[in-house]
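Step one of this worksheet: look at the structure below.
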2 protein chains.
Amino acid sequence: MRRSEIRGHLLDTALRLFNQHGYHATGIDLIIAEAGVAKTTLYRHFETKEELILAALERRDEEDRNAMRAFVEQQARDPAERLLATFDFLEATVRDKQFRGCMFLSAAGEHKDTVDPVFRAALMHKRLVLAYFEELAHAARFAEPKRIAIEINLLHEGAVAVAQITRTAEPTRQAKRMAQQLLAAEERLAPPARGGDAEQRTQAET
Amino acid sequence: MRRSEIRGHLLDTALRLFNQHGYHATGIDLIIAEAGVAKTTLYRHFETKEELILAALERRDEEDRNAMRAFVEQQARDPAERLLATFDFLEATVRDKQFRGCMFLSAAGEHKDTVDPVFRAALMHKRLVLAYFEELAHAARFAEPKRIAIEINLLHEGAVAVAQITRTAEPTRQAKRMAQQLLAAEERLAPPARGGDAEQRTQAET
DNA sequence: ACAATATGTAACAGATCGGTATCGATACTA
DNA sequence: TAGTATCGATACCGATCTGTTACATATTGT
């Protein structure tokens with residue numbers, strides 16, 4: 001294996017094991033065994049286990065949000081429809097056989113102290129996801145994009161939490177229906193003056 | 001300390017520490033030190049740590065559901081209002097300074113294998129809570145009590161998950177507002193024929 | 001009061017934890 | 001091709017993990 005690939009391979013392996021067994025239950029020895037790497041090598045890339053966890057979460061944070069953006073933007077053009085499409089993305093991730101719950105919520109659950117760097121990494125991820133929802137809600141011209149984003153986020157967290165226990169994808173569809181119903185009753189600002197690009201105006205019936 | 005109280009005291013201590021640090025991160029030595037009890041004593045009451053966890057979750061399950069029932073039934077008489085009052089109970093638990101997330105979701109997050117007894121204990125708790133919601137939804141004469149219960153449950157899980165990260169009680173109020181809005185649009189069956197006891201009929205306008 | 005039972009103390013066991021040191025082999029670079 | 005940095009393998013470290021053993025002491029039911 002080329003030197004430049006080792007770090008990424010270690011992160012991928014660690015992420016898989018953290019997802020499968022949790023953070024405390026996954027020992028360094030297991031990670032290096034699964035990665036096929038010597039312990040010295042791991043500790044040349046990461047000073048401590050905590051640093052490995054943080055790097056892994058950082059990687060996962062970017063992967064997740066990029067994947068959601070890509071999925072959602074390819075799924076719909078209208079921002080309001082994109083807000084709903086985030087639930088389809090959620091359904092896809094939950095359907096994965098390897099799904100065992102949100103890695104960030106689990107990380108926060110195993111590092112409950114709010115000053116713990118792992119907790120803060122999880123918090124940061126959730127903030128960024130919320131910011132994306134708010135960006136979509138703003139683009140969809142909802143009168144209160146912040147509140148809409150918080151509501152969508154709450155439905156996401158609920159769906160994932162229930163899915164973690166039931167191990168079915170149904171909660172994500174349920175959450176989408178609830179989001180549809182809630183958004184349909186929401187006030188929207190007037191569409192902007194017709195600009196240069198012809199923007200599709202598929203507005204939800206109220 | 002009297003012999004008959006030791007088991008309960010151990011469970012309380014273990015629950016407090018599990019909530020504070022998590023399950024894997026809480027060692028037996030810490031539990032016995034905090035409980036002021038010898039290690040031999042603990043192992044005469046519980047054969048393994050897993051058995052201690054299971055007994056602790058069982059205790060907490062009953063405590064939680066009894067507390068919710070008591071709170072909700074004292075808070076409102078109308079079943080529909082009681083469904084909403086469950087969010088007030090949630091808010092009270094989240095406001096507790098010791099709140100660090102749902103112990104059952106955390107337990108499932110640290111024991112992700114669906115055949116793990118700890119996971120199954122968490123699953124059982126969630127099923128019983130859902131059954132209570134369904135009981136209330138049925139009493140409130142909603143046309144689809146099962147679906148209503150699932151929706152309420154999803155809002156609960158979302159609120160607790162967000163509260164675990166943000167460490168604020170706001171998500172529980174948000175979830176209650178969402179529940180109010182969703183329930184207001186729901187079909188209700190006709191009230192039953194006037195029976196013996198005068199039942200209050202505070203029906204939500206549709 | 002007596003006998004049975006449960007307790008505290010403390011040492012111990014074997015395994016595993018995160019992390020380090022040594023060293024020979026291998027790969028990249030000048 | 002010589003030098004340098006990283007690799008894998010392995011042994012090791014002290015700490016901590018769950019769980020056990022032995023024995024003296026306290027509490028309990030009869």
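To find a chain, count down the sequence lines: A is the first, B the second, and so on, and within it residues start at 1. These numbers come from the heavy atoms of this one structure, side chains and all, not from hydrogens, waters or symmetry mates.
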Without decimals, in angstroms, what is the distance between [X] [atom1] and [N] [atom2]?
{"X": "B/Lys49", "N": "D/dC17", "atom1": "NZ", "atom2": "P", "answer": "8 Å"}
{"X": "B/Leu10", "N": "C/dA6", "atom1": "CG", "atom2": "P", "answer": "15 Å"}
{"X": "B/Tyr43", "N": "C/dT9", "atom1": "OH", "atom2": "C1'", "answer": "17 Å"}
{"X": "A/Leu42", "N": "D/dT6", "atom1": "CG", "atom2": "P", "answer": "15 Å"}
{"X": "B/Glu5", "N": "D/dT28", "atom1": "CD", "atom2": "C1'", "answer": "14 Å"}
{"X": "A/Ile32", "N": "D/dT10", "atom1": "CD1", "atom2": "C1'", "answer": "11 Å"}

Please pick, from [options], the nucleotide with the shortest atom-to-atom distance to any side-chain atom of [X].
{"X": "B/Ala38", "options": "D/dT20, C/dT9, D/dT10", "result": "C/dT9"}
{"X": "B/Val37", "options": "C/dG8, D/dG8, D/dT18", "result": "C/dG8"}
{"X": "A/Arg44", "options": "C/dG19, D/dC7, D/dA22", "result": "D/dC7"}
{"X": "A/Lys39", "options": "C/dT20, C/dT7, D/dT18", "result": "C/dT20"}
{"X": "B/Thr40", "options": "D/dT18, D/dA22, D/dT10", "result": "D/dA22"}

Tell me whether [X] contacts the main-chain N or O of [Y] through its side chain, where contact means a donor paired with an acceptor under 3.5 Å.
{"X": "B/Glu50", "Y": "B/Val118", "answer": "no"}
{"X": "A/Thr26", "Y": "A/Leu17", "answer": "yes"}
{"X": "B/His138", "Y": "B/Glu134", "answer": "no"}
{"X": "A/Arg100", "Y": "A/Gln20", "answer": "yes"}

Item to check | Ion pair check, B/Arg177 and A/Glu151, cut-off under 4.0 Å | outcome: no
Checklist entry - So, is B/Thr41 close to the C/dG8 phosphate, meaning a side-chain N or O under 4.0 Å from OP1 or OP2? => result yes
Checklist entry - Does A/His45 put a side-chain nitrogen or oxygen below 4.0 Å from OP1 or OP2 of D/dT6? => result no
Tabulate below the donor-acceptor pairs under 3.5 Å that side-chain atoms of residues 158-167 of chain A make, not counting sequence neighbours, or state none.
from     : atom 1 : to       : atom 2 : distance (Å)
A/Thr166 : OG1    : A/Val162 : O      : 3.0
A/Thr166 : OG1    : A/Thr168 : N      : 3.4
A/Thr166 : OG1    : A/Thr168 : OG1    : 3.1
A/Arg167 : NE     : A/Gln164 : O      : 2.9
A/Arg167 : NH1    : B/Lys112 : O      : 3.4
A/Arg167 : NH2    : B/Lys112 : O      : 2.9

Next on the checklist: Any residue in residues 15-31 of chain B with a heavy atom nearer than 4.0 angstrom to DNA chain D? Just list them by number, or reply none.
Outcome noted: B/Thr26, B/Gly27, B/Ile28, B/Asp29
Next on the checklist: Using a heavy-atom cut-off of 4.0 Å across all strands, would you classify A/Thr48 as base, sugar-phosphate, or nothing?
Outcome noted: sugar-phosphate
Checklist entry - Should we say atom CZ of A/Arg65 is surrounded by more than 12 heavy atoms from elsewhere, each under 6.0 Å from it? => result yes
